[in-house]
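Worksheet: the structure to be examined is printed underneath.
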Amino acid sequence: MPTPNQALATAARLHQAQLTKPQGSLGKLEELAIWFAARSNSAMPSRLQAAIVVFAADHGVASEGVSAFPPEVTGQMVANFVAGGAAVSVLAREAGASLSVVDVGVASHYTVTAGSSAQLFRVPVRAGTANLRLEPAMSEQECNKAWTIGLGSAQEGLVRGKTLLIGGEMGIGNTTAAAALICALTDIDPTEIVGLGTGITAQSRENKVQVVKDALARARAAGAVTAKDWLMQVGGLEIAALAGFYTGAAEAGIPVLLDGFITTAAALVAVKNKPEVADWLLASHCSDEKGHRLALAALQLEPILQLGLRLGEASGAALTLPLIQSALALHRDMATFSSAGITTKE
C-alpha cells in the first residue's frame with residue numbers, strides 16, 4: 001500500500017511560507033493543501049476530480065423499531081438519488097462531482113426514471129441483512145462479497161482518473177448497525193454512542209441502546225474478535241461495501257473524504273482490518289449523531305466542519321468539497337512575496 005509523500009508535504013509547507021499572507025493566517029486551509037500535496041504527485045496539487053459513490057442496503061434490525069422511517073424508504077431514496085432530487089444529488093452537481101449509486105442489498109422494489117442524473121449499479125448481495133439483534137447480520141461469504149464490490153468501486157475511480165473518493169450510504173436502520181460496530185471496535189458503552197438517527201424519540205432511543213447491547217452480547221458469545229468478524233455479526237451490506245471502498249482507495253493511493261456517522265463506522269472497520277488505510281482518510285465534518293465525535297477520535301481525525309448535520313448520503317462531505325477546492329486553489333494561485341514584489345523584512 002502506498003504511503004503519503006513527506007517530501008512533497010515539506011515542499012508544500014515551504015511554498016505556503018512564501019505566499020502573500022502572514023504565515024498560518026489561512027488556518028486549516030493551509031494544512032489541507034499540505035495534506036493533499038503529500039497524497040498527490042505534486043507539491044502544488046491540481047483541482048480535485050471527485051467521485052461520490054452512495055452504497056445502499058436494508059437492515060433486518062429495522063423490525064426492532066430503531067428508525068423513524070419504514071424500510072421501504074431505502075429503495076425510494078435510491079430512486080430519488082438517481083432522479084437527482086436528494087440532497088447529495090444537488091450538492092454533487094454544485095461541487096462538480098460525479099455521483100453513482102450502488103445497490104448492494106435493497107430489499108424493496110423500486111423503479112428509476114429515464115434520463116437519470118446518477119449512475120445506478122444493481123449488485124445486491126442479498127435482500128437486506130438479517131436482524132443483528134438475533135443472529136449474524138450476514139454470512140462471511142456475503143460480507144466478503146459486499147466488501148469486494150466496494151473495493152471494485154474504488155478501483156473504478158482510479159481507472160476514471162479520480163483524485164478524491166467520497167463514500168455515502170443509504171439504509172433504514174443503519175445507524176444501529178454503525179453504533180454496534182463502533183462500540184465493538186472501541187469498547188465504548190452504547191449509551192455514549194447510540195443517537196437519535198433519523199429522528200426517533202428519547203424512548204425509542206432507549207430501545208435502540210438495548211438492541212445494540214443485545215447484539216454485542218450475542219456476537220461476543222459467538223466469538224467475534226476481528227473487525228471483519230464484527231462486521232459480519234452486527235454490520236450492514238452497505239457498511240461492508242464502504243469499508244472495502246476505503247481500503248481500495250488507500251491501495252490505489254487516492255485520498256478519501258469521510259462523511260458522517262455510518263461512513264466513519266465503516267472507516268473504523270477498514271482501519272482495524274488494515275491500519276495503513278488511516279493515512280488516506282480525511283474527516284469532512286462532525287455530525288449531530290451522538291457518537292460521531294468519539295468515532296472520529298478513535299481514528300485520530302479532526303473534522304473540518306461542524307454544522308449540526310445528521311443526514312448522511314455523503315451530504316456533509318459534498319458540502320466540504322468546495323472548501324477543499326478553495327484551499328488548493330489558494331495554494332496554487334496566490335502570489336509569493338517575491339513574485340509580487342512585496343517586502344517581507346525592513
Side-chain angles (χ1 to χ4, degrees), residues 55-80 86 103-110 124-138 142-143 146 168-185 188-222 224 230-240 242 260-266 287-292 294-295 308-313:
F55 298 93
D58 276 301
H59 294 257
V61 75
S63 65
E64 299 286 349
V66 294
S67 175
F69 290 88
E72 55 266 28
V73 169
T74 302
Q76 292 166 358
M77 281 302 299
V78 167
N80 194 27
D103 173 353
V104 287
V106 177
S108 58
H109 175 74
Y110 61 93
V125 176
R126 58 179 283 177
T129 55
N131 184 345
L132 58 84
R133 187 181 201 176
L134 305 176
E135 58 185 307
M138 64 195 108
E142 290 163 346
C143 183
E169 42 63 40
M170 180 63 218
I172 297 301
N174 65 6
T175 57
T176 301
L181 281 171
I182 292 167
C183 291
L185 298 176
I188 299 174
D189 190 83
T191 57
E192 297 298 316
I193 297 297
V194 174
L196 299 178
T198 50
I200 58 175
T201 65
Q203 184 176 357
S204 293
R205 178 185 170 272
E206 290 180 13
N207 171 61
K208 189 174 174 181
V209 168
Q210 191 58 52
V211 168
V212 170
K213 287 181 176 180
D214 291 348
L216 293 172
R218 179 198 56 73
R220 198 171 288 113
W230 283 108
L231 180 60
M232 178 185 73
Q233 288 285 344
V234 301
L237 293 163
E238 82 280 35
I239 297 174
L242 279 164
F261 185 68
I262 293 97
T263 65
T264 303
S287 79
D288 219 25
E289 185 67 7
K290 185 175 173 67
H292 191 202
L294 292 173
L309 306 174
R310 54 180 178 85
L311 176 59
E313 302 179 4

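To the nearest 0.5 Å, atoms CG (D103) and CE (M170) are separated by 12.0 Å. To the nearest 0.5 angstrom, I262 atom CD1 is 9.5 Å from L242 atom CG. The distance from the CG atom of L196 to the NZ atom of K290 is 9.0 Å, given to the nearest 0.5 Å. The SG atom of C143 sits 13.5 Å away from atom CH2 of W230, with the distance rounded to the nearest 0.5 Å. The structure places NE2 of H59 at 5.0 Å from CD1 of I239, a figure rounded to the nearest 0.5 Å.
Of the possible polar contacts, one joining the R205 side chain to the V194 backbone as a donor-acceptor pair under 3.5 Å is found. A donor-acceptor pair is defined here as one N or O able to donate and one able to accept, closer than 3.5 Å; no such pair exists between the side chain of R126 and the backbone of A107. In this structure, T74 contributes its side chain and D58 its backbone to no donor-acceptor pair below 3.5 Å. Checking side-chain atoms of R310 against main-chain N and O of G260 turns up no donor-acceptor pair under 3.5 Å.
When all heavy atoms are compared, the tightest approach of V78 to A56 is CG2-CB, 3.6 Å. Nearest heavy-atom pair across A177 and G236 is CB-N, 4.4 Å. When all heavy atoms are compared, the tightest approach of V66 to V211 is CG1-CG2, 4.2 Å. Across S67 and G173, no two heavy atoms sit closer than the pair CB-N, 4.3 Å. The heavy-atom pair separating Q233 from A224 by the smallest distance is CG-CB, 4.2 Å. Smallest separation of non-hydrogen atoms from G197 and E289: N-OE1, 3.1 Å.
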Item checked: Criterion side chain to side chain contact (heavy atoms under 4.5 Å, CB included) on M138 and V125, from CA distance to verdict -> CA-CA 10 Å; M138 64 195 108; V125 176; over 6 Å; no
Next item on the list: Take T263 and F55, measure what side chain to side chain contact (heavy atoms under 4.5 Å, CB included) needs, and give me the verdict at the end.
Entry: CA-CA 10 Å; T263 65; F55 298 93; over 6 Å; no
Notebook entry, point to check: Can Q210 and D214 be said to form a side chain to side chain donor-acceptor pair (under 3.5 Å), step by step?
Noted result: CA-CA 6 Å; Q210 191 58 52; D214 291 348; 2.8 Å; yes
Margin query: Assess the residue pair I172 and E72 against the criterion (side chain to side chain contact (heavy atoms under 4.5 Å, CB included)); give the C-alpha distance rounded to whole Å, side-chain angles, the decisive distance to 0.1 Å, and a yes or no.
Written below: CA-CA 8 Å; I172 297 301; E72 55 266 28; over 6 Å; no
Check: Step by step, would you call E169 with N174 a side chain to side chain contact (heavy atoms under 4.5 Å, CB included)?
Finding: CA-CA 9 Å; E169 42 63 40; N174 65 6; 2.8 Å; yes
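In this model, no donor atom of one side chain and acceptor atom of the other lie less than 3.5 Å apart for N207 and E64. Side-chain atoms of N80 and Q76 include no donor-acceptor pair closer than 3.5 Å.
Residues I193 and L294 have side chains in contact (heavy-atom distance under 4.5 Å, counting atoms from C-beta outward). Put simply, the side chain of E142 does not reach to within 4.5 Å of the side chain of T129, judged on heavy atoms.
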